[in-house]
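To start, the structure itself, in structure tokens.
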Amino acid sequence: MDYQFREIEQKWQKYWADNQSFKAQANSDKPKYYVLDMFPYPSGAGLHVGHPLGYIASDIFARYKRLKGFNVLHPMGYDSFGLPAEQYAIQTGQHPAVTTETNINTYRRQLDQIGFSFDWSREVRTSDPAYYKWTQWIFMQLFNSWYNLETDKAEPISTLIHKFNEAGSADVKAACDEDTKTFLPTDWATFTEEEKQEELLKYRLTYLKESTVNWCPALGTVLANDEVKDGFSERGGFPVEQKKMMQWSMRITAYAERLLQGLDTIDWPEPMKEMQRNWIGKSVGASVKFAIDNSQLAIDGTENSKLRTENYIEVFTTRVDTIFGVSYLVLAPEHEWVAELTTPAQKEEVEAYIAQTKKKSELDRMADAKTVSGAFTGTYVVNPVSGERVQLWIADYVLAGYGTGAVMGVPSGDQRDWLFATHFGLPIIQILDSQKDIDQQADPTKEGKYINSGFINGMEYKEAVAFLNQWLEEQGVGKAKINYRQRDAIFGRQRYWGEPIPVYFKDGLPYLLKEEELPLLLPEIDKYLPTETGEPPLGRAEGWKYEGKYEYELSTMPGWAGSSWYWYRYMDAQNNGAFASKDAVDYWKDVDLYIGGSEHATGHLLYSRFWNKFLKDLGFVQEEEPFKKLINQGMIQGRSNFVYRLNCIEDGKIVQTRFVSKGLYEQWDKAANLQEQQNLLNKWDIPFKYSSLEFLAENNQLVQAGSLHVDVNIVENDRLNVQKFRASRPEYSDAVFIFEDGTTSSPTGGGQEGAYICGVEVEKMSKSKFNVVNPDVLIAQYGADTLRMYEMFLGPLEQSKPWNTNGIEGVFKFLRKFWRLFHNEAWEFTVSDAEPTKAELKSLHKIIKKVQDDIERFSFNTSVSSFMIAVNELTDLKCNKRAILQDLVVVLAPYAPHICEELWSLLGNKDLSTAQYPIFNPNYLVEDEFAYPISINGKMKMNLNLSLTLEAKEAEEAVLANEQVQGFLNGAAPKKIIFVKGKIVNIVV
RNA sequence: GCUGAAGUGGUGGAACUGGUAGACACGCAGGACUUAAAAUCCUGUGCCCUCAACAGGCGUGCGGGUUCGAUUCCCGCCUUCAGUACCA
């Protein structure tokens with residue numbers, strides 16, 4: 001029989017499901033291997049065409065590892081809480097659980113027909129109460145923990161309470177809020193329960209914190225940064241304002257250093273690690289306090305108690321050694337003290353500057369890096385090392401969110417400060433004797449000895465930094481400090497479709513539910529909108545109170561909650577007594593290979609590492625890092641096709657329309673004047689005549705040329721299917737085409753159709769650009785095995801590329817050719833038991849090695865080519881020998897599992913998933929001759945067969961003795977001969 | 001601006017450690033089969049010069065360098081894509 005992919009694929013997909021062929025064993029003598037994909041959000045649009053790319057790669061790897069004798073865990077599930085379902089619910093009133101279920105079913109059907117070897121018995125869904133029970137449980141562990149900087153790990157809150165009881169707060173070294181109290185054990189004993197809870201909250205790893213959010217009053221909801229455009233909501237265009245709100249936060253900053261250090265221990269792409277490093281943003285420096293000289297300021301009248309008691313501005317600097325070169329200080333315009341620190345005389349200027357800053361979007365600020373702007377507050381501050389008074393400015397190059405929102409300006413050492421000082425006429429002080437040309441630009445050198453620098457004069461960089469840090473600390477005006485850019489992560493959404501936070505409030509303080517009360521189920525509500533008073537949707541749930549009287553937390557968890565631990569649930573997905581049993585976690589430990597997109601670099605992948613480290617600190621898991629090896633799959637872009645239309649217009653009415661092929665359109669585009677256009681119209685038999693060929697003449701005639709997106713599904717290899725195009729829309733039913741060769745086709749004309757070539761552009765994949773290709777269509781046409789191999793054939797996995805089905809035919813032909821190896825002319829299955837020849841064995845062992853090497857380095861595209869070469873060779877050798885083909889089936893199986901399983905069974909075997917990968921034997925590849933490329937002065941001229949046993953001297957003689965070589969030398973005497981055994985001979989003349 | 005990745009025929013791409021650039025596939029052209037088309041099979045296909053063969057020249061974004069030899073290593077520049085934070 002010919003290759004019947006539909007039948008074969010359905011047959012084996014059913015067999016695998018019925019036999020649970022890919023179920024991972026709970027415990028096994030085999031070594032474990034855990035292959036994980038980033039699970040999808042089940043959107044209504046179905047499986048995105050980019051998704052299968054990574055899934056196919058991981059599936060090949062998983063199948064390969066099974067053949068190599070590993071106990072493989074390869075699961076799949078759904079990140080099923082999320083905004084789109086909620087948005088749909090708001091519009092239709094349909095419960096998000098219902099639409100989510102429908103979408104999941106679509107995904108499952110699509111995944112199944114690609115033939116993935118997932119262990120579906122371990123499927124997880126983040127929106128399933130049996131799953132989110134454990135997400136809530138982890139939240140409770142975080143609430144019940146604090147970060148002890150002495151042991152450098154998270155500990156139960158009870159150890160902190162113990163410390164408070166024994167020694168008070170003085171010796172506690174913790175990652176905590178800034179406003180913790182200092183107290184003695186005797187004080188702690190007198191605290192009321194509320195006071196204790198309030199204090200403990202400042203230490204917990206998840207805690208309530210006032211944060212600024214994008215509040216949209218019209219929508220009654222909080223928006224993410226990317227939902228806000230220029231101060232208006234992206235959806236609807238309503239005004240958005242900054243609003244302070246109590247929000248749950250996660251103290252991820254406690255783990256900043258470990259998150260950074262851990263990167264050196266994992267096998268991830270370097271760009272990915274770099275992104276996380278930059279995100280964490282460690283800088284080593286010092287914090288320094290500049291006293292406010294308030295002799296001319298009426299600060300005493302300020303409401304701001306912090307400002308009144310502190311009366312200094314703290315800056316963070318990475319170059320504390322340049323402190324004697326400070327000639328001004330700058331605050332971010334958004335800094336909370338700006339109003340109080342502005343003198344009446346400067347008030348107008350400062351307010352105008354702030355107003356101007358607010359108008360600029362963040363993008364504007366970035367693009368405009370060269371313009372210098374700022375405003376003087378009128379206030380002076382005192383440099384703690386020199387006692388000098390310097391001016392306090394505000395400027396938008398200082399960001400409120402980083403460090404303390406205040407910067408010291410050192411114009412001689414920092415180019416940005418130099419520009420600022422030059423622009424506003426502030427002094428530029430040289431501080432190192434090696435600084436050059438500082439009247440031209442800043443010189444950030446650390447070389448040389450300090451000058452104009454008081455007590456560090458004459459010192460060098462290292463000495464000065466150490467000395468200053470110590471001095472500042474002794475004087476109580478500063479200290480060495482490490483700063484991280486990363487901030488604590490907000491952990492709450494004012495939305496419905498997410499995990500409820502297992503917390504209730506008593507007297508304004510949060511308390512956890514009891515563990516046995518989990519899961520806290522999402523209550524039913526009438527509408528998925530905020531309440532009239534602006535409470536989150538959960539505020540609508542009637543009678544939803546803890547023990548009937550206490551208010552529950554009304555926000556839900558953010559999208560990343562459920563995905564920050566899911567790989568553990570797969571280890572033991574059905575467990576009701578724990579997020580996963582200790583046995584399961586001890587056995588599977590961590591993910592050996594994780595494949596997914598790089599867009600998750602600073603979100604999911606960072607949060608997951610954070611939770612993993614936390615779970616390890618509490619002894620629930622084994623490994624410090626969850627994902628040992630990570631591979632990024634490239635983004636799949638859309639590849640749009642265009643048709644070109646000429647509209648001939650007379651008196652504002654279209655009198656003729658032609659769709660012209662790409663080449664003709666380009667000719668038209670080049671036509672310089674009406675005469676040339678008229679020539680083309682005549683050439684293409686378009687009945688339209690300009691009454692005048694003068695460009696500027698009064699003319700009510702016009703030929704309008706333009707391009708239109710055309711659905712890529714009716715285009716093959718950039719050639720338009722004209723019939724399908726006419727059928728696609730009523731207004732195209734009588735479309736007239738002019739083909740690439742200039743011939744015309746009209747719907748009534750009939751006859752032979754020429755080639756209509758479409759234009760091409762790479763764009764984002766989207767419905768509106770008609771460039772979305774559904775995997776279902778390709779599977780129906782070519783089968784899953786072809787789709788799998790074609791997606792790999794497209795190019796390196798990690799590279800982004802446009803989706804393009806132009807070459808899929810070649811892969812399909814390959815599979816048919818492969819099938820043919822096992823069949824005779826009449827398509828009858830025929831294999832021989834004859835002894836294989838040397839050439840056949842060589843072909844086989846070449847591919848065994850090649851594929852093995854390729855898979856280990858994730859180069860799937862190159863193995864597809866190699867398979868084609870192997871099958872071409874064996875076809876040429878007319879090889880139908882079992883001894884060769886049986887091993888070839890196993891090698892190809894991870895890529896094209898259905899056809900291989902069928903052939904495997906036709907060969908009389910059972911269950912390809914339990915087969916063994918063939919052992920590579922290098923002896924079959926040993927050659928005794930090699931066709932050496934002979935080059936002269938590095939230019940390849942000819943090949944010459946030489947025995948591989950020849951050493952340099954003999955080879956040189958043999959080469960020079962050759963007549964053809966002498967012909968190329970043309971009498972010239974070789975100066976030197978380079979001989980690389982098995983590689984090349986190069987004659988230098 | 002900064003960071004990262006990439007630039008090779010008409011197209012996707014290959015060349016793994018500095019050693020025959022363009023494997024494999026698509027497309028295109030020609031041929032076989034067919035009444036015809038589709039499918040299939042065969043041959044050719046980087047560019048230039050040449051009627052053609054032989055031979056030759058040029059060729060991996062651009063300009064230099066190292067080397068017997070560079071797509072690969074070094075320096076400078078250009079373009080595209082992604083990320084981003086004027087980060088003190």
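Chain letters run A, B, ... following the sequence lines, proteins first and then strands; every chain starts at 1.
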Sugar-phosphate, base or nothing in reach of A/P933, heavy atoms under 4.0 Å: base
side-chain contact (heavy atoms from CB on, under 4.5 Å), paired with A/L630, selected from A/I266, A/D267, A/L605: A/L605
Interatomic distance where CG belongs to A/N278 and C1' belongs to B/G1 [whole Å]: 14 Å
Sugar-phosphate, base or nothing in reach of A/L794, heavy atoms under 4.0 Å: sugar-phosphate
Side chain of A/K983 (C-beta onward), nearest among B/G13, B/G19, B/A85: B/G19
Whole-Å gap separating P (B/G12) and CE (A/M792): 18 Å
Nearest-angstrom distance from the residue atom CD of A/Q799 to P of B/C81: 15 Å
A/S859-A/T862 side chain donor-acceptor pair, cut-off 3.5 Å: yes
Touch class at under 4.0 angstrom, heavy-atom based, for A/M868 against every strand present: sugar-phosphate
Electrostatic pair A/E956-A/K953, nearest N-O below 4.0 angstrom: no
Sugar-phosphate, base or nothing in reach of A/K850, heavy atoms under 4.0 Å: base
OP1 or OP2 of B/A14 under 4.0 Å from side-chain N/O of A/N861: yes
Nucleotide B/A14, atom P - distance to CG of A/D853 in whole Å: 16 Å
